[in-house]
Amino acid sequence: MIKITIQTAALTVLLWMLVGDFVFGWFNSNIKSKTQQNEHSSSSTATDSQDQSCFCHLTGVLDDCFCDIESIDVFNNFKIYPRIQNLIERDYFRYYKVNLKRPCPFWPDDSHCAIKDCQVEPCPESKIPVGIKAGNYNKYSQAANTISDIEECEQAHELGAINSTLSNRSKEAFADWARHDDAQDHFCELDDETSPDAEYVDLLLNPERFTGYKGPSAWRVWNSIYEENCFKPRSVYRQPLNPLAPSRGDDDGESFYNWLEGLCLEKRVFYRLISGLHSSINIHLCAQYLLDEGWGKTLWGPNVQEFRHRFDPAETKGEGTRRLKNLYFLYLIELRALSKVAPYFERSFVNLYTGNAQEDAATKDLLLHIFNETKAFPMHFDEKSMFAGKKIEAKTLKEEFRLHFKNISRIMDCVGCSKCRLWGKLQTQGLGTALKILFSEKEIKNLPENSPSKGFQLTRQEIVALLNAFGRLSTSIKELHNFRTLLKDRR
Ligand SMILES: *[C@@H]1O[C@H](CO)[C@@H](O)[C@H](O)[C@H]1NC(C)=O
Ligand SMILES: *[C@@H]1O[C@H](CO)[C@@H](O)[C@H](O)[C@H]1NC(C)=O
Ligand SMILES: *[C@@H]1O[C@H](CO)[C@@H](O)[C@H](O)[C@H]1NC(C)=O
Ligand SMILES: *[C@@H]1O[C@H](CO)[C@@H](O)[C@H](O)[C@H]1NC(C)=O
């Protein structure tokens with residue numbers, strides 16, 4: 001039996017309408033934005049040509065020439081994917097220290113899919129038994145219906161829970177790791193890491209997959225990311241990003257593109273990154289879907305129908321392709337970051353400490369091998385056009401970018417399902433680390449050869465997040481290939 005929850009599908013379509021619109025606008029506005037003026041971008045000399053140079057790479061790689069997407073596929077599926085899978089199974093990368101208990105700072109907490117919350121969820125029309133719909137409503141069938149809702153919520157509760165099992169050996173090792181890391185003198189501290197509530201989670205025991213987490217709580221998280229945390233031009237027309245919001249006047253979408261025209265390159269890039277992350281997370285949930293449950297066994301696997309709901313051009317008003325392109329865009333950004341950060345790790349005194357010298361050396365070798373592959377990749381994203389304006393404005397914009405990103409990672413504290421929260425936090429932190437790397441190019445170049453504690457630094461948590469987040473993107477591209485094959489077979 002294949003379980004497909006109508007609610008999830010509806011939510012998905014809704015979320016994708018959100019993403020799709022602005023992505024479409026992004027592309028459009030790029031073509032149109034010859035005259036864009038914005039207090040930040042107008043200051044960067046030749047906004048236009050910068051826009052073009054960046055976009056050229058994107059069109060070259062992702063839009064005009066489909067074969068280039070194929071070469072990313074080949075590069076990823078054969079060179080990166082097998083190695084990164086191998087890497088993240090190693091002890092250094094499999095334990096991620098994270099605080100999953102931070103209260104949501106933005107609205108009252110409704111975490112962990114409390115059963116009471118699910119009970120009040122309206123029952124979708126399609127789930128109402130035919131007998132009730134036809135009017136012969138009776139107490140018995142109402143009770144039956146409520147029970148199935150509770151069951152569904154309990155399932156979501158169970159699937160979304162974290163398995164915090166850690167072996168005694170690991171626990172002892174963590175204390176040793178902490179002593180080692182504390183001695184490293186990092187210049188920037190992550191608030192989460194130092195909290196007493198921060199705990200190690202075994203990522204291999206808690207794979208990212210379908211959890212049944214959905215409904216208003218999930219909706220609110222993405223909604224607030226898009227509505228409140230993406231950059232908006234200060235002036236004039238404000239088209240709601242939320243398609244449920246009442247539309248103002250007789251706009252037909254055209255105004256939406258005008259709206260986006262006010263944004264400079266950097267801010268549009270921000271949209272694409274968030275959209276790519278959203279695509280990637282949805283691919284994981286479709287690829288590791290709960291297909292069957294019973295006889296004490298659960299079966300996880302790809303759900304083609306769910307995938308088509310989210311990405312098939314026919315079911316997404318043609319937006320599916322653009323959503324997937326944003327995934328490739330995000331992949332290129334993180335890949336670029338990895339190739340840039342290589343010199344930081346190549347210095348001989350940098351080790352991936354777990355206390356087992358032999359294993360640590362093998363882990364580092366594997367990591368350097370992956371860096372070598374990323375450096376050899378011929379079609380890198382050119383980030384030079386970003387934040388290249390006048391010094392002061394570029395600095396302000398960079399800081400704004402950073403704060404917005406930080407805020408988004410705090411919104412992840414509002415994700416109700418623990419496992420979704422774990423992977424949401426990890427992937428946003430990974431992307432945040434990638435951005436930190438891209439904007440620290442000079443610092444990385446100027447790293448002192450023999451002084452471990454001076455200059456650019458990454459904490460263990462950042463390193464683990466960076467590589468695992470990239471591993472997730474790599475998995476998405478691999479899964480995409482599988483879905484394409486499955487869809488072809490169906491025709
Ligand atoms: C957690 O994982 C361990 C190791 O795989 C397993 O033995 C245990 O049953 C799991 N616990 C739960 C609650 O799933
Ligand atoms: C792990 O440690 C706890 C407490 O220190 C102890 O009670 C337990 O027996 C240990 N388990 C194993 C498998 O060694
Ligand atoms: C951070 O996110 C919250 C919740 O969406 C929002 O209300 C707030 O304005 C955001 N702050 C910034 C600086 O973006
Ligand atoms: C990476 O490339 C460098 C230079 O080409 C080479 O010396 C080194 O051995 C390579 N490292 C790995 C782990 O493949």
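Whatever order the structure lists ligands and atoms in, that order sets their numbers, starting from 1. Just the heavy atoms: all of them, side chains too, but no hydrogens, waters or symmetry mates, feed the values below.
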query = Which distance, rounded to the nearest 0.5 Å, do you find between the CZ of R472 and the CG of L203?
reply = 9.5 Å
query = What's the spacing between F270 CZ and H404 NE2 if we round to 0.5 Å?
reply = 6.0 Å
task = Using a strict 4.0 Å cut-off to heavy atoms of D365, name the atoms of ligand 4 that fall inside it.
result = 13 (C)
key: Heavy-atom nearest option to atom 8 (C) of ligand 1, drawn from I162, L166, N163, D202   = N163
key: Residue selection (non-hydrogen contact nearest atom 13 (C) of ligand 3) among I408, I411, N407   = N407
request  = Return yes when at least one protein heavy atom is under 4.0 Å from atom 5 (O) of ligand 4, and no when none is.
outcome  = no
Sub-4.0 Å atoms of ligand 1 with respect to non-hydrogen atoms of T165 = 1 (C), 2 (O)
ask   = In terms of atom number and element, which parts of ligand 1 are under 4.0 angstrom from non-hydrogen atoms of L205?
value = 2 (O), 4 (C), 5 (O)
ask   = With respect to S476, which candidate in I283, I281, L277, L330 satisfies the side-chain contact (heavy atoms from CB on, under 4.5 Å) definition?
value = I283
key: Test item: T428 side-chain N/O and G424 main-chain N/O as donor-acceptor pair under 3.5 Å   = yes
inquiry  = Is it the case that the side chain of T475 and the backbone of G471 share a donor-acceptor pair, with hydrogens and angles ignored and the cut-off at 3.5 Å?
reply    = yes
Heteroatom distance test (N372, ligand 4): nitrogen or oxygen, under 3.5 angstrom = yes
inquiry  = Checking salt bridge (Lys or Arg N to Asp or Glu O under 4.0 Å) between E346 and each of K375, K340, K364, which is the one that passes?
reply    = K375
ask   = Where is the nearest protein heavy atom to atom 9 (O) of ligand 3: which residue, which atom, and how far?
value = E228 O, 4.5 Å
